[in-house]
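Notes follow the structure.
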Amino acid sequence: MELGLVGLGKMGGNMRERIRRAGHTVFGYDRNPDLADVHSLRELVGKLSGPRVVWVMVPAGGPTQSTIDELAGLLEPGDVVVDGGNSRWTDDEKHAEQLAAKGIGFVDCGVSGGVWGLENGYALMYGGEAENVAKVQPIFDALKPEGDFGSVHAGKVGAGHFAKMVHNGIEYAMMQAYAEGWELLEKVDSVTDVREVFRSWQEGTVIRSWLLDLAVDALDEDEHLDGLRGYAQDSGEGRWTVEAAIDHAVPLPAITASLFARFASRQEDSPQMKMIAALRNQFGGHAVEKK
């Protein structure tokens, strides 16, 4: 299968490589010419045979909207656009309507896997009409982890990004719990090796997880996280999760508290946020602020 891929950053570049390893042809476009296979969206569309599938992996908001606007003028009826970035689910509905007016299909896809996805595969949550999903399915199969799980047709347009948003909200709360436990262990005199306590939890405990493994990796690099500033960004999806909870009257005390804890990190050098920052760097390559 042929695919056009727009955006070759930390995620998009590795996705291109994984798809190619599965035997598919990928033409990648990025504003950085050193990363790109083609040098314009027009050239990218011209390389593809119909029905075309173009996957967009650019920042949410304006960059995604401008890319879809340009593709709407280049693609033909029967083609499909996939938004694999971190767009808000309400934007998906607008994009689907905009493209449908020209006979172009739309699929939204939440992608999780960070910098590890090339080797381990990406968890995929996608939404859209079955006909459009079917045109993208070989790419979904190439990107997902091996085995029976790791991808889901979550529902209608917007369902993929909504599911990924909730996933990230849960991630906020899980990281916050590890960070709070780590700070408390660091605080008491009786525990003399916090890193090894965390390591001991990696087997046989109910709180073992990939995030816990990454926490141990971070502590191996900097045992007390002394080199990090206690400041953690939020991607926006934590905020959207809380806003959706308010809209639907669903109580989310743990996720909401974890979001507010990140806001608190911007007011002081929070020990907990050192762990949050370290974990975000470990799984997603997100920037950290050094002391």
Just how far is it from atom [atom1] of [X] to atom [atom2] of [Y], taken to the nearest 0.5 Å?
X      : Y      : atom1 : atom2 : result
Asp79  : Lys102 : CG    : NZ    : 12.5 Å
Tyr178 : Phe198 : OH    : CZ    : 8.0 Å
Trp182 : Leu225 : CH2   : CG    : 4.0 Å

Co-members of the apolar cluster containing Leu44 [side chain, <4.5 Å]: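 Val6, Phe27, Tyr29, Val38, Leu41, Val45, Leu48, Val54, Val56, Val58, Ile68, Leu71, Leu74, Leu75, Val81, Leu99, Ile104, Phe106, Val157, listed by chain and number.
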ILVMFWY clustering at 4.5 Å (side-chain atoms), partners of Val152: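 Members besides Val152, by chain and number: Met125.
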Arg21/Glu119 ion pair, N-O < 4.0 Å: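 Salt bridge between Arg21 and Glu119, a charged N being under 4.0 Å from a carboxylate O: yes.
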Take atom [atom1] of [X] as the centre, draw a 6.0 Å sphere, and report whether it contains more than 12 heavy atoms from other residues, nucleotides or ligands.
X      : atom1 : result
Arg42  : CZ    : no
Glu129 : CD    : no
Glu97  : CD    : no

side-chain hydrogen bond (donor to acceptor under 3.5 Å, both in side chains) between Tyr172 and Thr241, worked out: CA-CA 10 Å; Tyr172 273 50; Thr241 304; over 6 Å; no
Side chains of [X] and [Y]: closer than 4.5 Å at any heavy-atom pair?
X      : Y      : answer
Glu183 : Met275 : no
His161 : Asp91  : no
Arg239 : Leu259 : yes
Met15  : Lys10  : no
Asp108 : Trp89  : no
Arg280 : Gln233 : yes
Glu223 : Asp193 : yes

Lys NZ or Arg CZ of Arg18 over Tyr122 ring: under 6.0 Å, within 45°: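 Output no; distance or angle outside limits.
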side-chain contact (heavy atoms from CB on, under 4.5 Å) involving Ala159 - partner list, sequence neighbours excluded: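 If we apply the side-chain contact (heavy atoms from CB on, under 4.5 Å) test to Ala159, skipping adjacent residues, the hits are Ala154.
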His24: partners by side-chain contact (heavy atoms from CB on, under 4.5 Å), with sequence neighbours left out: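 Checked His24 against side-chain contact (heavy atoms from CB on, under 4.5 Å); matches are Met1, Ile19, Ala22, Pro138, Ile139, Ala142.
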Main-chain N/O of Thr205 paired with Arg208 side-chain donor or acceptor, under 3.5 Å: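 Flag set: sc Arg208 to bb Thr205 pair under 3.5 Å.
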Salt bridge (Lys or Arg N to Asp or Glu O under 4.0 Å) against Glu76, all qualifying residues, sequence neighbours excluded: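 Checked Glu76 against salt bridge (Lys or Arg N to Asp or Glu O under 4.0 Å); matches are Arg52.
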Residues in salt bridge (Lys or Arg N to Asp or Glu O under 4.0 Å) contact with Arg199, at least two apart in sequence or another chain: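 Residues passing salt bridge (Lys or Arg N to Asp or Glu O under 4.0 Å) with Arg199: Glu196, Asp220.
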Aromatic plane relationship, Phe140 with Trp55 - under 30° parallel, 30 to 60° tilted, over 60° perpendicular: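 Perpendicular, since the angle between the ring planes exceeds 60°.
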